[in-house]
Amino acid sequence: MPEISAPLIAWYRRNARDLPWRRAGFGAWGVLVSEFMLQQTPVTRVIPHLEAWLARWPSPTSLAADAPAEAVRQWANLGYPRRALWLHRAAVEIRDRHGGIVPRDVDALLSLSGVGDYTARAVAVFAYGDRHPVVDTNTRRVLARAVEGRSQPGPPARRDLGAMSDRLPGDPVEAAIVNAATMELGATVCVARVPRCDTCPIAHVCAWRAAGYPDTGDDRRRQARYEGSDRQARGAVLRVLRDASADGIRSVELIADWADAAQRDRAITSLADDGLIELIDDRARLPQ
DNA sequence: CAACCGTGGCT
DNA sequence: TAGCCAAGGTT
């Protein structure tokens with residue numbers, strides 16, 4: 001496969017979106033918060049929440065000083081609210097184990113709650129400028145097409161990290177740009193549904209294009225239906241408690257009119273198991 | 001490894 | 001409209 005770094009870097013310099021976390025001096029805490037919010041949530045939805053979050057909690061220690069309930073409430077309707085809980089836990093861990101400074105070491109980052117392979121390396125690379133492969137769903141789609149000649153990536157695998165690492169320049173600054181540019185290309189040009197190959201800076205070396213854009217199938221798992229799901233019930237419970245006072249409300253009044261009573265009970269107990277709500281006597285509330 | 005975990009916009 | 005998709009992580 002020919003060199004793709006040079007055209008990617010040139011393209012990125014001209015076409016990168018102006019995103020808050022790309023501003024100079026945005027800070028490792030801001031990058032970490034942004035990466036939590038960006039897990040499975042579109043950029044356009046994240047930006048206003050990110051700015052409100054950082055205005056309220058400009059440091060890990062400021063967040064750690066508040067109750068988890070405040071994090072869950074501030075998270076609002078961003079989705080996957082356990083990310084709010086994990087981000088709060090990570091802030092406590094950063095305060096207690098790292099002197100309030102977001103760690104730079106990948107293994108230290110990986111040990112934080114809610115931080116996995118992607119987020120750990122994204123912080124190390126984009127906040128600190130170190131040289132690591134950063135592999136997200138965009139990266140995997142770009143590599144699947146440009147390198148493997150497939151229409152869609154397979155399920156995430158550990159070897160994706162090595163595959164990306166192999167094509168990073170040796171210079172950490174350039175490597176960081178290639179990481180960001182590959183993600184950006186996947187997010188804006190080499191998109192999942194209708195790719196814009198006519199404007200792609202690496203079309204001339206794309207294996208998928210060379211093969212005539214074959215439909216190689218899609219072995220990704222389909223998302224479970226949301227309507228009528230336990231997740232929907234959990235979301236409804238949590239929405240009520242976010243809007244309630246700190247005392248919460250009586251458990252029997254939680255989405256009392258939910259059609260499936262067994263599902264309602266499952267939602268409440270599983271949320272309590274997850275630590276997203278507390279059940280005290282006959283009441284339910286966010287975790288204090 | 002597969003299942004599970006929210007929410008909203010887009011086609 | 002119903003399904004797809006989104007800067008993933010944990011169990």
Side-chain angles (χ1 to χ4, degrees), chain A residues 12 16-17 19-22 26 30-50 72 75-87 89-90 109-127 132-143 151-161 164 176 179-188 190-195 218-242 263 266-267 270-271 273-277:
Chain A
Y12 184 77
R17 291 168 294 177
L19 300 174
W21 44 91
R22 290 176 178 165
F26 192 68
V31 172
L32 181 65
V33 174
S34 76
E35 297 299 350
F36 264 84
M37 291 184 171
L38 287 164
Q39 292 168 5
Q40 296 285 282
T41 303
V43 165
T44 52
R45 281 186 65 201
V46 162
I47 290 174
H49 286 276
L50 174 66
V72 173
W75 198 259
N77 64 339
L78 257 184
Y80 289 145
R82 49 168 125 225
R83 291 182 293 166
L85 203 55
W86 288 338
L87 179 52
R89 288 179 189 163
L109 287 160
L110 283 170
S111 76
L112 299 174
S113 296
V115 174
D117 284 331
Y118 165 76
T119 302
R121 289 171 179 80
V123 171
V125 170
F126 301 136
H132 304 281
V134 182
V135 176
D136 75 336
T137 186
N138 294 305
T139 304
R140 294 193 307 103
R141 186 173 51 251
V142 168
L143 294 185
S151 51
Q152 297 289 343
R158 287 307 304 246
R159 65 174 172 278
D160 300 339
L161 281 177
M164 186 59 185
N179 276 310
T182 307
M183 293 168 60
E184 185 78 354
L185 187 73
T188 62
C190 193
V191 295
R193 207 85 72 88
V194 187
D218 188 346
D219 44 351
R220 297 172 300 169
R221 270 192 46 79
R222 214 174 91 250
Q223 253 180 30
R225 180 182 183 82
Y226 182 64
E227 194 68 28
S229 67
D230 283 16
R231 296 156 76 174
Q232 186 182 36
R234 287 167 52 106
V237 168
L238 213 53
R239 180 184 305 256
V240 170
L241 290 178
R242 279 199 311 264
Q263 184 177 63
R266 256 196 328 273
S270 72
L271 284 168
D273 287 345
D274 291 346
L276 277 165
I277 68 174

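As the structure is a computational prediction, the values presented were derived from the model and not from experiment. Sequence lines set the chain letters: A, B, ... in the order given, protein chains first and strands last, and positions in each chain run from 1.
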At what distance, to the nearest 0.5 angstrom, does [atom1] of [X] lie from [atom2] of [Y]?
X: A:Ser270; Y: A:Gln263; atom1: OG; atom2: CD; result: 10.0 Å
X: A:Asp273; Y: A:Arg266; atom1: CG; atom2: CZ; result: 13.0 Å
X: A:Asn179; Y: A:Tyr12; atom1: CG; atom2: OH; result: 10.5 Å
X: A:Leu238; Y: A:Arg82; atom1: CG; atom2: CZ; result: 11.5 Å
X: A:Glu35; Y: A:Thr119; atom1: CD; atom2: OG1; result: 6.0 Å
X: A:Met164; Y: A:His132; atom1: CE; atom2: NE2; result: 13.5 Å

Span that lies between the [atom1] atom of [M] and that of [N], in whole angstrom:
N: B:dC1; M: C:dA6; atom1: C1'; value: 23 Å
N: B:dT11; M: C:dA7; atom1: P; value: 15 Å
N: B:dG8; M: C:dG9; atom1: P; value: 23 Å

Subject >> Qualifying residues under side chain to side chain donor-acceptor pair (under 3.5 Å), relative to A:Arg17, sequence neighbours excluded >> reply: A:Glu184
Within the 4.0 Å heavy-atom criterion, would you say [X] contacts the bases, only the backbone, or no part of the nucleic acid?
X: A:Pro156; value: nothing
X: A:Ala122; value: nothing
X: A:Leu19; value: base
X: A:Arg22; value: base
X: A:Arg158; value: nothing
X: A:Trp21; value: base
X: A:Leu238; value: nothing
X: A:Thr44; value: nothing
X: A:Arg45; value: base
X: A:Gln223; value: base
X: A:Phe36; value: nothing

Original post:
Just wondering, more than 12 heavy atoms not from A:Arg22 lying within 6.0 Å of its CZ?
Top reply: yes
Please report, rounded to the nearest Å, how far the [atom2] atom of [N] is from the [atom1] atom of [X].
X: A:Arg231; N: C:dG8; atom1: CZ; atom2: P; result: 14 Å
X: A:Leu32; N: C:dG8; atom1: CG; atom2: P; result: 15 Å
X: A:Tyr226; N: C:dT1; atom1: OH; atom2: P; result: 19 Å
X: A:Gln40; N: C:dG8; atom1: CD; atom2: P; result: 5 Å
X: A:Leu50; N: C:dA7; atom1: CG; atom2: P; result: 15 Å
X: A:Asn138; N: C:dG8; atom1: CG; atom2: C1'; result: 12 Å
X: A:Arg141; N: C:dC5; atom1: CZ; atom2: C1'; result: 9 Å
X: A:His132; N: C:dA7; atom1: NE2; atom2: C1'; result: 17 Å

Subject >> Whichever of A:Pro155 and A:Arg239 has its nearest DNA chain B nucleotide further upstream toward 5' >> reply: A:Pro155
Original post:
Is it true that A:Arg121 and A:Asp117 make a salt bridge, defined as a side-chain N closer than 4.0 Å to a carboxylate O?
Top reply: yes
**OP:** Give a yes-or-no answer on whether the side chains of A:Tyr118 and A:Gln39 include a donor-acceptor pair shorter than 3.5 Å.
**Re:** no
Original post:
Any chance the side chains of A:Asp136 and A:Thr139 put a donor and an acceptor closer than 3.5 Å?
Top reply: yes
So which protein nitrogen or oxygen atoms get under 3.5 Å of nucleotides 9-11 of chain C's nitrogens or oxygens?
| unit_1 | atom_1 | unit_2 | atom_2 | d |
| --- | --- | --- | --- | --- |
| C:dG9 | OP1 | A:Gly116 | N | 2.9 |
| C:dG9 | OP1 | A:Gly116 | O | 3.4 |
| C:dG9 | OP1 | A:Thr119 | N | 2.9 |
| C:dG9 | OP1 | A:Thr119 | OG1 | 2.7 |
| C:dG9 | OP2 | A:Tyr118 | N | 3.2 |
| C:dT10 | OP1 | A:Gly114 | N | 3.2 |

Original post:
Just the endpoints, please: which first and last nucleotides of DNA chain B, 5' to 3', lie under 4.0 Å from a heavy atom of chain A?
Top reply: B:dA3 to B:dG8
Original post:
Is a donor-acceptor pair below 3.5 Å formed from side chain A:Arg193 to base C:dC5, judging by atom type as modelled?
Top reply: no
